[in-house]
Engineer: 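Let me give you the structure first, and then I'll get to my questions.
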Amino acid sequence: MRERRAFAERTKVLKSNEAKRKFFLVYEGDKTEAIYFDAVNHLRSQIAINPLIELVPLMRSYSEQGWSNPQKILERLISEIEAEKAGNICCETLLNRIMDYFIEVGIDNSTSKKIIWNRLVTICKNHFEYAPEAVVANVPDTCKTIIEDLRKQFSLPGIVEDISTAIINDGIGFEDGFDKICLIVDRDRNSFTENQYDLVLSKCAEKKIGFFVTNPCFEFWLLLHFDEGRNLDMDKLRENPRVTASKRYVEAELKKLFPHYSKNAYDAGEFVKNVDIAIANEQAYCEDVNLLKDQVGSNVGKLITCLREDYRT
């Protein structure tokens, strides 16, 4: 995982010397939540987000694509933060950063990505006794060896000679005790068991990570942006049954109010402008993260409220 820097750079630096507090946003889903919080950032002044807070979404690295289990995502996040705190880079993190760098400079063929990733792993096995969690002892020398080997087999245009500088400076710029990490997930019983929920809840409390849950799914939080969000069938919300071959109850209700909604592409600004309605409607349901394992509700509104408040509190 690493910062999506282009997003973070949209927040202008204040003329004052007061440091900004970063809120790192970690999403279970790839699109829906990210689209929404992009809009939150874009409309931050209109919805009174504190100017001393910077929203920084964390991107999945190459080998993490497709992950959806919150426990797995959280474990990787904690592992990377603790490694960075110790000044270390583990082997899989190094390969992910190299791969992410390649993709950013123009390697965009999916077959090429897979072939190159497999070659990266092979190089590390041949030269460094590769183990995913093993700490890389010398990042510059390791990167040099990897690039020299890759260039024997692949054309790698645009790759800087000292790629290690980019690798070392990548990652998560988290300042312990000042910045905040927020894990934003659905309560999906098909991929998030009760035991896993309890483990994630406990680990987030231990590591002071914000745990923001919508039960049954993020579309319910979106539904709350409409006045009709208070008048939904609780039994159907709880079960969220399939109503068509492709849609469940919550998404179908959302499309009645917002016909152009799609998980991967929607005008989130139209929702964010009504965030005060959503915060008020949320209070009619469960907001306690300890109870959201079983009860319909959300505490995403509490995150928005937190983003509005003074960062010292």
Side-chain angles (χ1 to χ4, degrees), residues 25-40 60 64-74 182-201 211-272 274-275 277-304:
L25 307 179
V26 185
Y27 311 121
E28 170 194 358
D30 287 336
K31 295 290 184 179
T32 311
E33 297 90 340
I35 291 170
Y36 181 85
F37 280 97
D38 274 0
V40 168
R60 307 275 178 84
E64 300 159 353
Q65 299 299 317
W67 286 14
S68 62
N69 183 279
Q71 182 182 352
K72 188 175 182 180
I73 293 168
L74 179 63
C182 304
L183 177 63
I184 302 166
V185 307
D186 293 346
R187 174 64 180 110
D188 184 349
R189 290 172 176 78
N190 293 320
S191 62
F192 196 14
T193 67
E194 290 193 7
N195 184 55
Q196 288 171 335
Y197 190 102
D198 292 339
L199 288 171
V200 170
L201 180 66
F211 186 33
F212 297 95
V213 180
T214 304
N215 187 347
C217 57
F218 194 76
E219 281 88 356
F220 175 63
W221 164 250
L222 297 180
L223 265 175
L224 295 178
H225 291 69
F226 300 91
D227 291 333
E228 292 85 345
R230 283 178 173 265
N231 303 312
L232 298 165
D233 186 312
M234 283 297 293
D235 290 334
K236 288 183 178 178
L237 281 174
R238 190 175 293 107
E239 296 302 322
N240 197 23
R242 195 173 295 280
V243 295
T244 69
S246 61
K247 293 181 182 62
R248 294 186 178 273
Y249 171 74
V250 173
E251 184 177 354
E253 291 299 306
L254 180 59
K255 285 186 73 68
K256 290 177 184 178
L257 301 172
F258 199 80
H260 298 297
Y261 173 76
S262 168
K263 286 179 178 291
N264 296 328
Y266 65 100
D267 186 356
E270 293 302 310
F271 292 91
V272 173
N274 295 328
V275 72
I277 294 174
I279 291 172
N281 284 342
E282 181 182 277
Q283 294 169 12
Y285 298 91
C286 178
E287 291 184 290
D288 186 338
V289 72
N290 295 285
L291 303 177
L292 283 169
K293 177 173 71 171
D294 300 309
Q295 296 186 24
V296 171
S298 178
N299 64 340
V300 173
K302 289 188 173 184
L303 172 56
I304 301 297

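What you see is a predicted model, and the numbers here were worked out from it, not measured in a lab.
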Engineer: So which atom in L183 and which in V200 form the shortest heavy-atom distance, rounded to 0.1 Å?
Structural biologist: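 Here L183 and V200 meet closest at CD2-CG1, 3.8 Å.
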
Engineer: Measure the shortest side-chain to side-chain distance between E33 and L25 over non-hydrogen atoms and say whether it is less than 4.5 angstrom.
Structural biologist: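 No, their side chains stay 4.5 Å or more apart.
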
Engineer: Report the residues that fulfil side-chain contact (heavy atoms from CB on, under 4.5 Å) with S68, sequence neighbours left out, ordered by chain and then residue number.
Structural biologist: none

Engineer: Rounded to the nearest 0.5 Å, what separation is found between the CD atom of E28 and the CG atom of D186?
Structural biologist: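 Between atom CD of E28 and atom CG of D186 there are 5.0 Å.
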
Engineer: What's the spacing between C286 SG and N215 CG if we round to 0.5 Å?
Structural biologist: 8.0 Å

Engineer: Suppose we screen for salt bridge (Lys or Arg N to Asp or Glu O under 4.0 Å). Which residues come up paired with K247, at least two apart in sequence or across chains?
Structural biologist: none

Engineer: With sequence neighbours excluded, tell me which residues meet side-chain contact (heavy atoms from CB on, under 4.5 Å) with N240.
Structural biologist: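 In terms of side-chain contact (heavy atoms from CB on, under 4.5 Å), with neighbours along the sequence ignored, N240 is linked to P216, C217, R248, Y249, V250.
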
Engineer: Only counting residues at least two apart or in another chain, list the ones meeting ring pair (Phe, Tyr, Trp, His ring centres under 6.0 Å) with F212.
Structural biologist: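 Applying ring pair (Phe, Tyr, Trp, His ring centres under 6.0 Å) to F212 gives none.
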
Engineer: Output all residues satisfying salt bridge (Lys or Arg N to Asp or Glu O under 4.0 Å) with D235, sequence neighbours left out; order by chain, then residue number.
Structural biologist: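 For D235 the salt bridge (Lys or Arg N to Asp or Glu O under 4.0 Å) partners, ignoring immediate neighbours, are R238.
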
Engineer: Would you say the side-chain atoms of N281 pair up with the backbone N or O of G229, donor to acceptor, closer than 3.5 Å?
Structural biologist: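 A pair under 3.5 Å: no.
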
Engineer: Once salt bridge (Lys or Arg N to Asp or Glu O under 4.0 Å) is applied, do any residues pair with D198, and if so which ones, sequence neighbours excluded?
Structural biologist: K293

Engineer: Sort out for me which residue in T32, L303, V272 forms a side-chain contact (heavy atoms from CB on, under 4.5 Å) with F37.
Structural biologist: L303

Engineer: List for me each residue that meets salt bridge (Lys or Arg N to Asp or Glu O under 4.0 Å) alongside E239, sequence neighbours excluded, and say none if there are none.
Structural biologist: none

Engineer: If we ignore hydrogens and angles and just use 3.5 Å, is the side chain of D233 paired with the main-chain N or O of K236 as donor and acceptor?
Structural biologist: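 Between the backbone of K236 and the side chain of D233 there is a qualifying donor-acceptor contact (under 3.5 Å).
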
Engineer: I need the minimum non-hydrogen distance between R230 and A284, along with the two atoms involved.
Structural biologist: NH1-CB, 3.6 Å

Engineer: Only counting residues at least two apart or in another chain, list the ones meeting ring pair (Phe, Tyr, Trp, His ring centres under 6.0 Å) with Y197.
Structural biologist: F192, F211

Engineer: Please identify each residue that fulfils ring pair (Phe, Tyr, Trp, His ring centres under 6.0 Å) with Y266, with sequence neighbours left out.
Structural biologist: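 So Y266 forms a ring pair (Phe, Tyr, Trp, His ring centres under 6.0 Å) with Y261, F271.
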
Engineer: Spell out, as yes or no, whether a donor-acceptor pair under 3.5 Å connects the side chain of N299 to the backbone of D288.
Structural biologist: no

Engineer: Restricting to side-chain contact (heavy atoms from CB on, under 4.5 Å), what partner residues turn up for D294, sequence neighbours left out?
Structural biologist: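 Per chain and number, D294 pairs via side-chain contact (heavy atoms from CB on, under 4.5 Å) with E194.
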
Engineer: Name all residues meeting the side-chain contact (heavy atoms from CB on, under 4.5 Å) criterion together with D227; count only those two or more places apart in sequence or in a different chain, and write none if there are none.
Structural biologist: I277

Engineer: For residues 253-266, pull every pair meeting salt bridge (Lys or Arg N to Asp or Glu O under 4.0 Å), keeping only residues two or more places apart or in separate chains.
Structural biologist: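 As it turns out, the salt bridge (Lys or Arg N to Asp or Glu O under 4.0 Å) pairs with a partner in residues 253-266, which skip direct neighbours, are E219-K263, E253-K256.
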
Engineer: Looking only at side chains, do N69 and Q196 share a donor and an acceptor under 3.5 Å apart?
Structural biologist: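 Yes, Q196 and N69 have a side-chain donor paired with an acceptor closer than 3.5 Å.
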
Engineer: I'd like to know whether F218 forms a ring-ring contact (aromatic ring centres under 6.0 Å, His included) with Y27, so could you lay out the CA-CA distance, the side-chain angles of the two residues, the decisive distance to 0.1 Å, and finally the verdict.
Structural biologist: CA-CA 11 Å; F218 194 76; Y27 311 121; 8.3 Å; no

